[in-house]
Amino acid sequence: MSPWPTIRELAAELADDRLDGASCTGRAALFDAEVDGEDDNDRAYRLDAAARICRGCPVQAECDAIARELGGQAIGVWAGLARGVPRPRGRPKAGAA
């Protein structure tokens, strides 16, 4: 018997039964805070699409509870909210406040 956990055991520790049936299942990259090579406009569009998926999710309340438990470790889109996402680069557009 190995003293090290198996991949399956590690994955089980990361999974939270409260997220069973989540609409984001299998779409992790869509919900990530950053994707390599993506500009600010593409990120905003992708995160907006992720948030729209969350709106109809059957476990949105549970997802929000988990994100609050994780605090600053919950980055990306959780329960329809972008958390820990980098701010756009450059100056804000005129009239944006």
Side-chain angles (χ1 to χ4, degrees):
M1 177 120 190
S2 171
W4 300 100
T6 65
I7 295 295
R8 187 177 306 271
E9 290 167 335
L10 289 171
E13 284 184 29
L14 294 173
D16 191 312
D17 292 342
R18 295 176 287 177
L19 295 178
D20 286 349
S23 299
C24 60
T25 301
R27 302 174 175 180
L30 186 63
F31 293 80
D32 285 346
E34 292 186 86
V35 173
D36 288 340
E38 184 176 61
D39 67 24
D40 291 338
N41 290 331
D42 290 341
R43 179 186 307 116
Y45 181 82
R46 179 179 54 79
L47 295 178
D48 184 57
R52 283 194 308 270
I53 291 169
C54 290
R55 288 185 194 116
C57 184
V59 296
Q60 185 177 10
E62 292 85 349
C63 182
D64 185 52
I66 293 167
R68 283 185 276 116
E69 290 168 14
L70 291 171
Q73 293 177 342
I75 59 171
V77 176
W78 286 76
L81 300 174
R83 303 166 196 252
V85 175
R87 295 177 148 244
R89 294 175 286 277
R91 295 176 45 181
K93 294 180 180 180

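Quantities reported herein were computed from a predicted structural model and do not represent experimental measurements.
Judged purely by atom type and a 3.5 angstrom limit, Arg46 uses its side chain to pair as donor or acceptor with the backbone of Asp32.
Under the 4.5 Å side-chain heavy-atom criterion for grouping Ile, Leu, Val, Met, Phe, Trp and Tyr, Val77 is connected to Ile53 within one hydrophobic cluster. Following chains of ILVMFWY side-chain contacts shorter than 4.5 Å, one can reach Phe31 starting from Leu47, so the two form part of one hydrophobic cluster.
In Glu69, the CD atom is crowded: over 12 heavy atoms of neighbouring residues, nucleotides or ligands sit closer than 6.0 Å.
Taking 4.0 Å as the cut-off between side-chain N and carboxylate O, Asp64 and Arg18 do not count as a salt-bridged pair.
Within the 4.5 Å cutoff, the side chain of Ser23 has no heavy atoms near those of the Cys54 side chain. Cys63 has its side chain within reach of Leu19: a pair of non-hydrogen atoms, C-beta onward, lies under 4.5 Å apart.
Here the OH atom belonging to Tyr45 is positioned 12.0 Å from the CD atom belonging to Glu38, to the nearest 0.5 angstrom.
The two residues Val85 and Ala33 come nearest to each other via the heavy atoms CG1-O, 4.1 Å. Between Ala22 and Cys57, the closest heavy-atom pair is CA-SG, 3.8 Å. Nearest approach of Gln60 to Arg55, heavy atoms of both residues: OE1-O, 3.9 Å.
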